[in-house]
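Below, chains carry the letters A, B, ... as their sequence lines are ordered, and counting in each starts from 1. Since we're looking at a predicted model, the values are computed, not measured. Only this structure's heavy atoms are used, side chains among them; waters, hydrogens and symmetry mates stay out.
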Amino acid sequence: MLLVPQCIDLLKGLLEHGRLTLKQMFDRVNSAVREGKSFVVNTLNRKLVTLDSVQETLIKLVTARYVERCPAPEPVLAPPPPKDNASTQKRGAKTQQIEEPKTREQEVLEAAVPVEAIRFSVITNTEPDVDGEKKEIKSSTVTAREKRKYDALESDEFGAAETVVYRANFEEFIRRLRHKACVDSVRARLDDGAATVLSAMLDATRNAETEVKTKKSGPSAASFGGGLLLTFFWFCLVGLLVHPLLASPSLGVLGSVKARYVSLSMSSIYEEVIKNEAGRNMTLEHLRASLAELSNPPVVKGSDDSYSIDFEKIIELAHTDEVESVVLKRYGRDAYRIFRLLSKEGRLMETEKIADATFVGKKDAPKVLYKLWKDDYLHMEKLVVAAARQMQFLLWKVKKETLWKHVLDEMFHAALNLRIRQATEVDKEKELLLLPAEKRTGALHDRNNRLRNVKILIQSSLVKLDDSIMLFYDF
Amino acid sequence: MSLKRKQPDKKSPADSLSDHEHILYNLIRGKQDIGIWAGDMKREINLPNNIFNKSLKSLQAKNLIKEVVNIQNKGRKHYMAAEFEPSKEISGGAWYVDGKLDVDFINIVRAQCVRHIVRLKVATLEGISDALKRSGVFREDLTKQQIEEILRALVLDGDIVELKSNGSGVFANVPVGKVCYKSKGGSVGEPRIGAFVSIPCGVCPQIGLCTPDGIISPKTCEYYTKWFDF
């Protein structure tokens, strides 16, 4: 835990600069110490930071997979296979549907990722004062075989310790934040007991999330939305680093952000639950009850003493909760009931049937439906029946895929609006801000306080909004 | 369908009808529980206006036909033979009275259902139906379908949750797999407030028209001004 402030300093540097060598990290930390901007100085009142200390912090971060070595700058890519029309034709239609050919860019990105052992290893100069040549790999996962492999690679692909660059591993951050969002969602939907059980299951299965291929890689997520996610990570990493997981020896291997099912037995869940402070007093009976709660709706699936987490279900429920809360606040209780019905049914429903099922007046239901459709919250189809006289029916549906994108767009719009309004508020008070603090008295003092409160409100709202944006964009 | 046909009396008033009244009555009666709009009647039997109106009034006076409210078009005069009750398409269904949703009655049924679910902790549709019958709150017993409709609406409102019995714990008396209803506890009807709706843009119906320098703009937005009114 003593290393936590140093970890924050180091990660802050990596987030600000994108990538740094060990030497650059060392120089940056020391210059921050000299300027009094370091987190370490602020919190522990330390003045000297040694290279060993920076190395130790880096190893800690790399072991926790919050930091990784940058991919190879010029990956060697196998030449594309020759086009063989005959063999392509032989493939079944099903295979062609399932297998999507990788683009050249995807292949390059995959080839650039170092092997697991190298990606999460730190090269340190153990005797820098003697000749600066002797290097040592420090990684919790490196085996003797991998070390030999590393030595071979080191000679050509990676240069000396000074040239090895590190960066923040966004993939790991997103994975941990996704887990955190799942636990928060379950806590809000059910109770603390269910959240404790889910959290314990996540701790126990973290190692098993082994799919390397992720749908959205970390760096692309970081570049999206400008500085928004960067700001968010800065707020989040403080929260994550204080978490005892950083010091845990059983940190997970690189996992897929989208991994779905990993099974656990009741006894292994219980073992994990009682390890946590929140679950220490939980009985087996209580655990059983919590697992039953978690299976309705099935965010945890259980059969024959084997329980697995359905991440997608949890995230889907969290999406639905967020959108439903928008519908309730923006369009009212009747619209909320209608929206919930259509969202639950997942199919086209006729106006009158909707009115009957939701107890909304038959005159009012079309108005509510029209309002939701006009704002792109519902999909509508017209059905014309040509019987004795021509009749037209309107059918309505919640199209989740398009609606989620629409809500995400609105959230980005809102984030921009928050920033614009903050700039406007600051601009309105620019003369006040030019005054020295001691001259801001009386009414000026009140105006100053108001501006401060406005900024706090906007900043905290932005952080919360980032949470929801991640829910829709990254998870 | 609430189709109730009375036994005709031996000396029915229908026997003493004029020819015009007879034609009109047969037309209306032929439409059964759907009834017919006065405009459609005029077009179908093609009688002069004064005779048509006189015959209609006479049939009403003899209690052979009645005027009913058509939920599809409340302004139109809609008639039906006295022996029929309006169909669901015309009346709006069991929850409608005179073409209006009977909100007071619905709210009473809702409250009673929630009360019994809270008391029973976990309840099936049959359990709630029996509890309502025993309570004697309602003059006429509600059908299972009516109670189910109310329960579904309560689920949609988030006041109760629908789940399937696993046969243990609170579900011990309910067969495995049977649909049950459970009270949601403290947060009845109030869903979690999301991050987006905590800011003015989340609840703004004009967000689609909002632009940085437009007529609707975050720079001048009144909702933001109110939000900053600490």
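Looking at A:Ala188, the atoms closer than 4.5 Å to chain B (heavy atoms on both sides) sit in the backbone and in the side chain alike. For B:Val155, the parts lying near chain A are the backbone and the side chain together; criterion is any non-hydrogen pair under 4.5 Å. Proximity to chain B is absent for every atom of A:Asp364, based on heavy atoms less than 4.5 angstrom apart. Neither the backbone nor the side chain of A:Glu285 comes within contact range of chain B; no heavy atom of the residue lies under 4.5 Å from a heavy atom of that chain. With a 4.5 angstrom heavy-atom cutoff, B:Ile199 touches chain A only via side-chain atoms. For a residue to count as touching a neighbouring chain, one of its non-hydrogen atoms must lie under 4.5 Å from one of that chain's; by this rule A:Val360 touches chain B with the backbone only. Proximity to chain B (any heavy atom under 4.5 Å) is shown, for A:Leu471, by neither the backbone nor the side chain. With a 4.5 Å cut-off on non-hydrogen atoms, A:Lys371 does not touch chain B at all. Contacts between A:Arg189 and chain B at a heavy-atom distance below 4.5 Å are absent for every atom of the residue. Both the backbone and the side chain of A:Glu410 come within contact range of chain B, each with at least one heavy atom under 4.5 Å from a heavy atom of that chain. Using a 4.5 Å cut-off between heavy atoms, B:Phe228 touches chain A through backbone and side chain atoms alike. Heavy-atom distances place the backbone of B:Thr220, and not its side chain, under 4.5 Å from chain A.
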Q | salt bridge (charged side-chain N to carboxylate O under 4.0 Å, His left out) evaluation trace for A:Arg333 with B:Asp157 | A | CA-CA 8 Å; A:Arg333 175 66 64 177; B:Asp157 268 325; 3.5 Å; yes
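Of all heavy-atom pairs spanning A:Asp375 and B:Pro205, the tightest one is OD2-O, 4.2 Å. Pairing each heavy atom of A:His413 with each of B:Ile207, the nearest pair is CE1-O, 3.2 Å. Between B:Cys210 and A:Asn417, the closest heavy-atom pair is SG-ND2, 3.6 Å. Contact record, B:Ala153 with A:Ala357: CB-O, 4.3 Å, taken as the closest heavy-atom pair. Across all their heavy atoms, A:Val326 and B:Gly202 have their closest contact at CG1-O, 3.6 Å. Pairing each heavy atom of A:Lys344 with each of B:Leu156, the nearest pair is CD-CD2, 4.4 Å.
Put simply, CZ on B:Phe230 and CD1 on A:Ile456 are 8.5 Å apart, with the number rounded to the nearest 0.5 Å. Here the CZ atom belonging to A:Phe359 is positioned 5.5 Å from the CD atom belonging to B:Glu149, to the nearest 0.5 angstrom. The distance from the OG atom of A:Ser461 to the CH2 atom of B:Trp227 is 3.5 Å, given to the nearest 0.5 Å.
Judged by the 6.0 Å distance and 45° axis criteria, A:Lys362 is positioned over the aromatic ring of B:Tyr96.
In this structure a side-chain-to-backbone donor-acceptor pair under 3.5 Å is present from A:Ser325 to B:Gly194.
Judged by distance alone, the side chains of B:Thr225 and A:Arg421 do bring a donor and an acceptor atom under 3.5 Å apart.
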